[in-house]
Amino acid sequence: MKMQSKNTERGQQLLYQILLIRRFEEKAAEEYTKTKIRGFLHLYIGEEAVATGVIQALKDEDNILATYREHGHALVRGMDPGVIMAEMYGKQEGCSKGRGGSMHLFDKSKNFFGGNAIVGAHLPMAVGMALAAKKLKQKKITCCFFGEGAAAEGEFHEAMNLASLWQVPVLFVCENNLYAMGTALRYTHAMQELAKKGPSYKMASSTVDGMDLEAVMEASEKAVKKIRTTGKPYLLVCNTYRFRAHSMFDAELYRDKKEVDEWKKKDPIPRFRDSLLKQKLITQKKVDALEERVEEDVKKAIEFAETGTFEPVENLTKYVYSENQYQ
Amino acid sequence: MKMQSKNTERGQQLLYQILLIRRFEEKAAEEYTKTKIRGFLHLYIGEEAVATGVIQALKDEDNILATYREHGHALVRGMDPGVIMAEMYGKQEGCSKGRGGSMHLFDKSKNFFGGNAIVGAHLPMAVGMALAAKKLKQKKITCCFFGEGAAAEGEFHEAMNLASLWQVPVLFVCENNLYAMGTALRYTHAMQELAKKGPSYKMASSTVDGMDLEAVMEASEKAVKKIRTTGKPYLLVCNTYRFRAHSMFDAELYRDKKEVDEWKKKDPIPRFRDSLLKQKLITQKKVDALEERVEEDVKKAIEFAETGTFEPVENLTKYVYSENQYQ
Amino acid sequence: MSQTRKITYREALKEAIREALTENDKVFLMGEDVGRYGGAFAVSKGLLEEFSEERIMDVPLSESGFVGAGIGAAMAGLKPIVEVMTVNFGLLAMDQVVNNAATMLHMSGGQINVPVVIRMSCGIGKQLAAQHSHSWEPYYAHVPGLRVISIGTHEDARGVLQAALQSPDPVVIFEYTSMLNMEGELPEETIKVDIESAKIRREGTDISIITYGAAVNKCMEAAEELKVEGIEAEVLDLRVLRPLDEAAFLASVSRTHRALIVEDAWRSVSVSSEVSARITEKAFYELDVPVKRVCGAEVPIPYPLHLEDASVPQKKDIVEVVKKMIRP
Amino acid sequence: MSQTRKITYREALKEAIREALTENDKVFLMGEDVGRYGGAFAVSKGLLEEFSEERIMDVPLSESGFVGAGIGAAMAGLKPIVEVMTVNFGLLAMDQVVNNAATMLHMSGGQINVPVVIRMSCGIGKQLAAQHSHSWEPYYAHVPGLRVISIGTHEDARGVLQAALQSPDPVVIFEYTSMLNMEGELPEETIKVDIESAKIRREGTDISIITYGAAVNKCMEAAEELKVEGIEAEVLDLRVLRPLDEAAFLASVSRTHRALIVEDAWRSVSVSSEVSARITEKAFYELDVPVKRVCGAEVPIPYPLHLEDASVPQKKDIVEVVKKMIRP
Ligand SMILES: Cc1ncc(C[n+]2csc(CCOP(=O)(O)OP(=O)(O)O)c2C)c(N)n1
Ligand SMILES: Cc1ncc(C[n+]2csc(CCOP(=O)(O)OP(=O)(O)O)c2C)c(N)n1
Ligand SMILES: [Mg+2]
Ligand SMILES: [Mg+2]
């Protein structure tokens with residue numbers, strides 16, 4: 001996709017978003033080593049074009065469900081970086097009041113429904129949310145991100161079939177980063193061309209280069225349009241790669257440094273930046289200014305998280321049940 | 001398939017088997033109304049060509065796993081009708097010592113591994129048995145029967161993928177009788193051409209008219225040959241129909257009597273008998289004699305069951321753990 | 001007492017579903033064979049014709065999938081009644097119930113409610129053998145975030161669903177197949193039951209028989225038999241298995257000074273173990289004799305009637321233990 | 001005492017797996033990331049290189065599928081060690097474990113054994129939040145047909161697997177993530193542990209602290225602290241959660257006349273409720289004070305450290321309760 005020149009502003013906004021994810025996570029990794037963040041931390045670095053490209057094709061009222069690797073998705077959806085970082089610090093100012101941490105970012109007001117750490121488990125929920133939208137005659141799409149590893153789970157099969165059978169508006173986004181922890185695609189799936197799973201559920205599907213933001217945008221817009229016009233689900237496979245370890249506990253024994261380096265050449269961020277520069281939709285000066293803004297915003301996020309407070313231990317069992325038992 | 005004339009004996013044996021299933025189950029239904037048999041009773045009537053045709057293509061050492069609708073499979077595998085009937089009576093002379101009943105027929109000595117009543121749950125086990133055969137360098141195939149309803153379960157997806165990925169010798173036989181209890185195929189699967197699921201796992205597959213014993217035999221022999229030569233799994237979809245209710249508790253509100261009658265015209269038993277007669281592989285007199293033999297054998301089965309004994313209640317917790325704790 | 005009417009447990013359940021569908025158009029019923037088949041046990045028979053395919057949804061065999069979809073629909077503003085045909089298939093959806101339904105509110109810091117109602121037919125007594133005779137009440141009762149109800153009476157069959165649909169939190173309801181054809185009496189007027197407290201089904205002074213589900217009836221019958229022998233047993237129906245109404249059973253035990261817990265589920269790590277432990281912790285000095293339990297035998301339930309019967313508590317077992325507790 | 005050596009809990013587990021693979025070529029290890037990744041917690045690191053892809057099988061994310069396959073392979077003559085990466089994903093395979101592994105022998109009238117060994121990493125203490133901090137010991141301990149082992153010591157980390165592989169019945173083994181890096185002492189010679197009995201880890205006369213898993217250590221530390229105050233606590237590691245070694249804890253309580261049960265899992269319907277109920281049933285008159293429990297808080301485990309710590313029993317909680325029980 002060539003961005004139109006009227007899209008100068010749009011291009012800059014996208015560059016800001018994709019950059020924000022990268023810098024936010026780099027900082028998070030740093031804070032992790034300082035033990036400010038604990039538990040599992042799964043970085044999206046290398047894969048940012050997917051969330052950025054897909055979510056820009058959605059409307060604010062569309063629902064999003066994601067995995068434990070969801071900082072990027074939350075940021076693009078417009079959740080405040082400070083509130084996300086505070087969550088990762090376990091502070092009550094965090095988006096899930098600190099109870100969820102990195103894997104469980106939630107913001108109902110922004111139709112961001114987590115942050116699920118059981119691989120594949122959010123797919124049926126996404127179908128249910130789309131079913132509700134259909135029954136309530138809302139024009140909402142539900143967008144569900146998951147990895148190629150998740151597609152081996154039984155729930156992928158059940159969710160795909162249900163969505164197609166019920167004809168509900170779900171955008172299934174398979175983030176195929178070639179690995180499920182240390183297990184390569186070829187050890188996970190007999191059929192490695194994942195988009196071919198679509199037709200076996202009578203579901204429209206396509207594959208896109210997930211390292212190319214503009215391509216992801218175009219493919220997503222097409223998919224979203226198709227969903228909105230037909231009311232039916234769609235499977236979009238985004239081929240991508242994670243540059244970093246699976247989580248902070250991963251020695252990366254299962255892949256060569258060389259392979260990672262090859263993929264780094266396809267880094268979606270310089271690629272998109274250079275495309276904007278080439279199309280003259282941005283100047284180098286503006287790029288530098290954006291970088292600075294991002295840095296500033298990440299700094300502010302850390303400050304917000306740092307100054308946040310821990311929930312009193314007396315509140316431990318709050319939210320196990322609703323306070324107001326009968327609605 | 002035309003049966004060769006040297007196959008006179010074979011043809012008669014097959015006619016005996018398919019007839020035995022029919023009469024055995026008709027009798028079981030009768031005994032059920034007399035409350036000699038209790039619990040769930042799922043009849044295979046109408047579908048007999050599938051088990052008969054598939055199992056004849058297997059060797060005795062090949063493993064079989066089936067569903068709660070497995071009397072036919074057990075009979076064709078060569079389990080004694082009396083021992084099966086005794087099981088359905090809950091007698092300790094039954095193949096599972098009476099503990100399993102109709103849904104849980106087992107005979108390890110005949111490589112018949114049940115009788116599973118959780119829809120879809122035996123598919124992964126079948127893959128595991130095939131995996132064991134491969135690791136142990138045995139030339140065994142594992143044959144797993146299941147309904148089209150089961151193919152919507154997550155375990156179908158997981159088992160298909162694992163079998164294909166690991167390249168293990170499983171024959172998946174989908175008995176597509178168009179209904180899962182009262183839920184028609186079109187409400188169960190977005191993709192109703194079930195054999196198309198094969199390629200989405202890179203698995204060979206085909207569909208056959210499950211009301212035509214000779215066609216099932218031919219398709220099964222092809223499939224089995226392919227599995228034996230490649231070591232890889234195969235999905236065989238047999239289109240069939242159950243003439244009777246799902247179980248003894250089914251008022252059949254979900255389908256027209258007319259539809260059932262249409263299908264009854266395709267009854268596999270007269271069809272096969274007439275084919276044998278036409279090919280002069282059997283005489284009417286021989287047919288009559290066979291009918292009599294079957295009747296006699298069913299009668300004997302009932303007698304065996306009737307004279308069987310109930311296990312003493314003191315034995316209730318026997319077999320919860322093995323007696324010999326360390327092997 | 002006001003006018004009453006005769007009704008089966010099945011019909012009471014159906015009336016409750018019908019009422020819910022009529023009163024709130026956000027309610028819908030989804031499950032395997034709830035529509036065209038008429039419900040595996042005819043509980044929803046006729047509702048598809050009365051309502052529509054949108055309100056009575058047949059679903060494919062995909063327990064994790066459709067229970068998860070019910071959870072999602074609840075998160076998105078609907079009021080799904082999800083029927084898991086029998087409790088035996090519930091394990092396939094256990095992850096959805098535990099890790100999503102029960103956890104979501106807390107994990108999201110109070111933002112996201114999951115007001116789903118999950119109904120499961122359950123219990124022993126139809127000779128369905130090992131895989132179809134489970135009593136999973138203990139599993140669900142273990143999980144914080146769930147409200148777990150066991151329907152042991154006609155009153156509850158008619159009244160629990162309405163209360164459950166008003167809960168902002170996920171409710172799991174156990175219904176008992178063996179009771180479906182049982183007739184009972186219900187008042188003509190609307191029933192209001194609460195899903196927060198246990199209920200004394202029979203008052204007594206000599207012993208508290210604490211129970212739930214299909215065992216309630218057996219305990220009532222045992223109590224009648226004991227009466228003949230001059231023993232007045234109180235029968236307390238726990239009804240809510242989570243969060244347990246501890247105050248109710250502690251109060252009863254403090255009056256009777258003897259406690260017997262009766263449960264069809266396997267004995268080890270069960271609801272009755274929990275009740276026993278709590279009585280020990282909080283009413284130890286009220287006890288005249290040790291708390292006892294009569295529970296399911298620890299065996300995959302066998303098919304033949306005599307072995308099945310031996311697998312679960314029978315009236316005579318209850319009577320026998322009570323007598324021993326009172327006249328040792 | 002003979003020569004000992006220092007070893008981590010992780011290394012002890014690995015030695016046991018290595019030994020099993022070496023001694024019996026029907027043994028193989030299958031699970032998510034057990035091979036190329038080196039094991040999610042590095043327990044199987046290096047084994048793929050030492051053995052082969054056939055013996056160390058990486059499997060796709062398909063818990064029900066590969067656990068079911070492990071069960072099938074066991075039925076067909078192999079000795080699979082199936083690793084479910086963490087207990088949290090175990091619910092997805094629960095149906096296979098309960099309805100197939102645990103049930104098959106009985107349902108088939110004694111014909112078909114399922115000698116599968118299922119290992120699961122578990123426990124709290126890494127700030128992994130609600131979906132990744134489950135303690136499912138109570139679930140498995142509820143199921144007849146399973147042998148359920150909890151590895152609370154280095155000795156068991158090294159010795160349990162060998163015994164488990166000799167069992168003709170399915171064995172479920174819980175290993176504790178938080179203990180992996182802990183160092184312990186083991187004798188130089190081969191260890192033989194049995195998987196039928198509980199074990200006293202520390203003798204004492206004043207109270208029986210009954211526990212298992214990661215809580216064993218906390219109880220040992222608590223006992224040391226109590227010693228300073230003149231209280232001699234016996235620490236009994238249940239080790240086998242099913243079938244429970246009832247004789248062991250009843251004997252201990254009969255000596256000490258006081259019982260406290262400590263468990264990380266949620267309190268309601270737990271292993272500790274069962275142990276408490278049994279003590280009440282069979283050693284009531286031995287008790288000087290009511291049995292008490294210190295268990296996990298009934299909450300989906302929250303992420304932040306201070307709330308996570310508050311969710312599970314800590315040494316100070318144990319010490320406090322014991323003191324109150326002994327000096328009320
Ligand atoms: C049901 C389940 N099984 C296993 C895990 C452990 N686990 C967490 S992430 C992961 C890999 C998932 O791979 P993929 O779906 O490709 O997503 P990616 O991490 O590559 O984004 C595994 C095995 C889990 N969280 N849930
Ligand atoms: C997991 C599970 N869900 C539901 C059921 C209840 N049930 C028993 S048979 C059946 C229909 C199965 O249909 P299909 O697989 O097509 O086999 P068929 O009975 O037609 O041979 C259902 C829903 C079950 N036994 N197991
Ligand atoms: Mg991946
Ligand atoms: Mg069918």
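Please read all numbers here as calculations on a predicted model, not as lab measurements. Numbers restart at 1 for each chain; the letters A, B, ... are given by sequence-line order, proteins then strands.
- In this structure, the portions of Met181(B) lying under 4.5 Å from any heavy atom of chain C include both its backbone and its side chain.
- Counting heavy-atom neighbours within 6.0 Å of Glu54(C) CD, excluding the residue itself, gives a total of 12 or less.
- Residue Thr317(B) holds its OG1 atom at 10.0 Å from CD of Glu298(C), rounded to the nearest 0.5 Å.
- Contacts between Leu92(C) and chain B at a heavy-atom distance below 4.5 Å involve the side chain alone, from C-beta outward.
- For Glu87(B), the part sitting under 4.5 Å from any heavy atom of chain C is the backbone (N, CA, C, O) and nothing else.
- Both the backbone and the side chain of Ser62(C) come within contact range of chain B, judged by heavy atoms closer than 4.5 Å.
- Both the backbone and the side chain of Glu63(C) come within contact range of chain B, judged by heavy atoms closer than 4.5 Å.
- Using a 4.5 Å heavy-atom threshold, the side chains of His246(B) and Asp33(C) count as separate.
- The distance from atom OG1 of Thr86(C) to atom CD1 of Ile118(B), rounded to the nearest 0.5 Å, is 7.0 Å.
- Minimum heavy-atom separation, Ser311(C) to Leu316(B): OG-CD1, 3.7 Å.
- Heavy atoms closer than 4.5 Å to chain C are found in both the backbone and the side chain of Asn116(B).
- Considering all non-hydrogen atoms of both residues, Leu307(C) and Pro312(B) come closest at CD2-O, 4.2 Å.
- Contacts between Ala310(C) and chain B at a heavy-atom distance below 4.5 Å involve backbone atoms as well as side-chain atoms.
- Of the two parts of Ala40(C), the backbone and the side chain both hold a non-hydrogen atom closer than 4.5 Å to a non-hydrogen atom of chain B.
- If you tally non-hydrogen atom pairs under 4.5 Å between each of Lys126(C), His132(C), Glu32(C) and chain B, the highest count goes to His132(C).
- For Leu41(B), no part lies near chain C; criterion is any non-hydrogen pair under 4.5 Å.
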CA sep, side-chain torsions, deciding dist, call: Gln131(C), Tyr68(B), side-chain contact (heavy atoms from CB on, under 4.5 Å) | CA-CA 11 Å; Gln131(C) 295 182 331; Tyr68(B) 44 85; over 6 Å; no

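- Side chains of Tyr303(C) and Ile37(B) form a contact here, defined as non-hydrogen atoms less than 4.5 Å apart.
- At a 4.5 Å heavy-atom cutoff, Phe156(B) makes no contact with chain C through either its backbone or its side chain.
- When heavy atoms are compared at a cutoff of 4.5 Å, Met85(C) approaches chain B solely by way of its side chain, counted from C-beta outward.
- Ring geometry for Tyr254(B) versus Tyr37(C): interplanar angle under 30°, hence parallel rather than tilted (30 to 60°).
- Residue Lys258(B) places its NZ atom among 12 or fewer non-hydrogen atoms of other residues, nucleotides or ligands, all under 6.0 Å distant.
- Atoms OH and CZ, from Tyr179(B) and Arg36(C) in turn, are 10.5 Å apart once rounded to the nearest 0.5 Å.
- Looking at heavy atoms from C-beta onward, Pro60(C) lies out of side-chain contact with Thr183(B) at the 4.5 angstrom threshold.
- Interface remark: Ala121(B) contributes no atoms to any contact with chain C (heavy atom separation under 4.5 Å).
- Ala129(C) approaches Gly100(B) most closely through the heavy-atom pair CB-O, 3.6 Å.
- When heavy atoms are compared at a cutoff of 4.5 Å, His306(C) approaches chain B by way of both its backbone and its side chain.
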